[in-house]
Undergrad: 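Have a look at this one.
We use all heavy atoms of the structure for the numbers below, so side chains are in, but hydrogens, waters and symmetry mates are not. Letters go in sequence order (proteins before strands), and every chain restarts at 1. Please read all numbers here as calculations on a predicted model, not as lab measurements.
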Number of protein chains: 2
Amino acid sequence: MVDAVEPLKARRIYLLLRERILNGALEPGSRLPGELSIAAEYGVSRVTVRRALDTLAIDGLIDRRPGSGTFVQENSSVQPIVADLSNVLSHLVEMGRRTSVRLLSFAYVNPSESVAAALGLGPGERAQRSIRVRLIDGAPFSYLVTHVPERIGVTYSEADLASMPLLGLLERSGIVVEEASQSIGATLAGPDVAEALALEIGSPLLSLTRVVWDPSGQGVEHLHALYRPDRYSFHMDLVRTGAVGARRWNPVAKPSTARPEPKKRKAEGPKSLKPKPRPVRVSNQRRTST
Amino acid sequence: MVDAVEPLKARRIYLLLRERILNGALEPGSRLPGELSIAAEYGVSRVTVRRALDTLAIDGLIDRRPGSGTFVQENSSVQPIVADLSNVLSHLVEMGRRTSVRLLSFAYVNPSESVAAALGLGPGERAQRSIRVRLIDGAPFSYLVTHVPERIGVTYSEADLASMPLLGLLERSGIVVEEASQSIGATLAGPDVAEALALEIGSPLLSLTRVVWDPSGQGVEHLHALYRPDRYSFHMDLVRTGAVGARRWNPVAKPSTARPEPKKRKAEGPKSLKPKPRPVRVSNQRRTST
DNA sequence: GCTACCTGTCTACCTTATAAGACATTTCAC
DNA sequence: GTGAAATGTCTTATAAGGTAGACAGGTAGC
């Protein structure tokens, strides 16, 4: 990694500005505040801001014009892959893009206490741990650490894992996968993950932890996944249900068809991670067709 | 702001050790190598190692015993609030905890292009923008930026917004809220958000963007929410449905009763009864800074 | 042309991180 | 008890990151 290692504050500001540019909060073509304004905003000196801007310029994210200002490059906003939460597995195929997997690690280990508890393993019981990185069009976007009870893990090989989704392997082995529970959070990239995902240390990551059970309530898979938010985000559609006073949102069970591929990409500037500001009338269509 | 942000090498070592602790490579209760050994291992001075260990101690991940050694803490994980995705609004009340709201900003503005597009506003059409911070037991955990079309925003007052949920206000005003679309990602805390959430600049945040429509397909609310992942995370239970070859996950429609927070952590014993795939809370992710 | 504001560049100075030790104190195995 | 090894607490010195300000030169609005 070329790294260039800017010091702390400069790097932090670099990451923050980069984030705002990539997710569209700073619209392409627009002018950044002056270096002195940025310095004041973040409470640092102008030199430090300039170091951050230097790196952004190297990245090709900004265009600095002496006398005029610093501008966000036009093409710098990126549309992340969108994973529909109700259809977690098949979305990648639907996107019609090429994904591949790199298997970083494969071993039988004594799992940590939290993993053992989640899977319902007894003390001393081992688990197969694998670490994989998923790439789309050659670019890594997820870092997956899975634990599977040893007795289940032995039903497939390391080579299998490098070429097939884990859930598919489990089902091929006759494991019935029925229920799962997952939570979503955020964290920062540590050294290993940063390198695997081609990120700077300290970059933000989406974090997903999922435990999968078979019908008997026996844990069959523990997944800890980290996603690059600029390349991957979760999406879901909701409908409002329930009587007045007890209303709540329920997820829409969508058919597993592909989402209409976005044709244009300009200017949408998805605030944070909004995948596609989604044509407003779509809800109309769906409603009438339902 | 207490964090003191260790510098480069110390931070790198902190992150490395932290990762090894969190993913179980360093077993809870076990002793770390001596400070001098660690220093030699990473090629830094002992002072630097000690700084990293200081931070780990503040995080509660290690226990330093003079003369004896440094040990990995047994558990001590902070449980964040858990928001069930299918019941996003009411979970806070269900938790039986006191939440309050601080209204930071309230104004009618010209929305950014992306917000205008999401809400279906015409050019020049204004929107009411409010910025609120939610606190639980006095501790801030979310930063909410909402945009509402001006014609709808005028149906309630600034004081209303400071005391009632926005969706409640909308429904009180006769707006029928029917569909929504949201996506979840991760980002870094900028200066204003960091201050509002009592975080360091550059801390990781969960990001949620939601657009709500009425039955006619007209956008009524655009929400951009940022959550402290150490205090708030999303959770969902899933079931596997569909025929072989077209299987996918579907969310479980749960009754809106409160979930007893599972404090158990051990093997769960005989789980012959399958009906309750109770979420075994996995303390995978931990706060990273603050 | 005048002016205000921007980036580019440089200098001098201060603060902090890191290194490399010395030394005290505690713990634990023997 | 003794001694090895661990953390806690200093010191001194060097390196690196960050600050503050001045100044040159370009650009654009008036």
Undergrad: Are A/Gln128 and A/Tyr108 linked by a side-chain donor-acceptor pair shorter than 3.5 Å?
TA: yes
Undergrad: How close or far is atom C1' of C/dT7 from atom CD1 of A/Ile62, stated in whole angstroms?
TA: 11 Å
Undergrad: Is any side-chain N or O of B/Arg64 closer than 4.0 Å to OP1 or OP2 of D/dG8?
TA: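 B/Arg64 to D/dG8 OP1/OP2: side-chain N or O found under 4.0 Å.
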Undergrad: Among D/dT27, D/dG18, C/dA19, find the nucleotide with the atom closest to the side chain of A/Ser68.
TA: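 For A/Ser68, the side-chain atoms sit closest to D/dT27.
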Undergrad: Using whole Å, what does the distance between atom P of nucleotide C/dA17 and atom CZ of B/Arg12 come to?
TA: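 Computing the B/Arg12:CZ to C/dA17:P distance gives 16 Å.
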Undergrad: Between B/Lys9 and C/dA19, does any side-chain N or O lie under 4.0 Å from OP1 or OP2?
TA: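 So the side-chain polar atoms of B/Lys9 do come within 4.0 Å of the phosphate oxygens OP1 or OP2 of C/dA19, strictly under.
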Undergrad: Give a yes/no answer on whether the side chain of B/Ser45 brings an N or O atom under 4.0 Å of OP1 or OP2 in C/dA19.
TA: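 It does, given that an N or O in the side chain of B/Ser45 lies less than 4.0 Å from OP1 or OP2 of C/dA19.
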Undergrad: Give the intermediate values and the outcome of side chain to side chain donor-acceptor pair (under 3.5 Å) for residues A/Thr187 and A/Ser207.
TA: CA-CA 7 Å; A/Thr187 186; A/Ser207 136; over 6 Å; no
Undergrad: Using 0.5 Å steps for rounding, measure from the CZ atom of B/Arg50 to the CD1 atom of B/Ile38.
TA: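 The CD1 atom of B/Ile38 is 11.0 Å from CZ of B/Arg50, to the nearest 0.5 Å.
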Undergrad: Hydrogens and angles aside, do B/Thr146 and B/Ser130 bring a side-chain donor and acceptor to less than 3.5 Å of each other?
TA: yes
Undergrad: Rounded to whole Å, how long is the line connecting atom CG of B/Asp63 with atom P of D/dT7?
TA: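 So the two atoms are 12 Å apart, to the nearest Å.
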Undergrad: Closest to the A/Thr48 side chain: D/dT7, D/dT19, C/dA19?
TA: D/dT19
Undergrad: Phosphate oxygens OP1/OP2 of C/dT18: is one of them under 4.0 Å from a side-chain N or O of B/Arg51?
TA: yes
Undergrad: Taking only Lys NZ, Arg NE, NH1 and NH2, and the carboxylate oxygens of Asp or Glu, determine whether B/Arg210 and B/Glu221 approach each other closer than 4.0 Å.
TA: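 No, no charged N to carboxylate O under 4.0 Å.
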Undergrad: When you measure from the side chain of B/Val47, which nucleotide among D/dG8, C/dA20, D/dT19 comes out closest?
TA: C/dA20
Undergrad: So if I take residues 30-40 of chain B and measure heavy-atom distances to DNA chain D, which residues fall below 4.0 Å?
TA: B/Arg31, B/Gly34, B/Glu35
Undergrad: Look at the side chain of A/Thr70 and decide which nucleotide, out of D/dT19, C/dT7, D/dG18, has an atom nearest to it.
TA: C/dT7
Undergrad: Under 3.5 Å, is there a donor on one side chain and an acceptor on the other for A/Tyr14 and A/Asp54?
TA: no
Undergrad: Ring-plane angle category for B/Phe141 and B/Tyr227, please: parallel below 30°, perpendicular beyond 60°, tilted otherwise.
TA: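 Aromatic pair B/Phe141/B/Tyr227 classed parallel.
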Undergrad: What is the distance from CZ of B/Arg65 to P of D/dG8, rounded to the nearest Å?
TA: 12 Å
Undergrad: If you only use heavy atoms from C-beta on, which nucleotide in D/dT27, C/dG8, D/dA20 is closest to the side chain of A/Arg46?
TA: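 Comparing D/dT27, C/dG8, D/dA20 against the side chain of A/Arg46, the answer is C/dG8.
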Undergrad: Where the side chain of A/Arg50 is defined as all heavy atoms beyond and including C-beta, which of D/dT27, C/dT7, C/dT27 is the nearest nucleotide?
TA: C/dT7
Undergrad: In whole Å, I'd like the distance from the OH atom of B/Tyr14 to the C1' atom of C/dA17.
TA: 18 Å
Undergrad: Between C1' on C/dA17 and CD1 on B/Ile13, what's the gap in Å once rounded to a whole number?
TA: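 Those two atoms, CD1 and C1', are 12 Å apart.
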Undergrad: Rounded to whole angstroms, how far apart are CZ on B/Phe71 and P on D/dA6?
TA: 11 Å
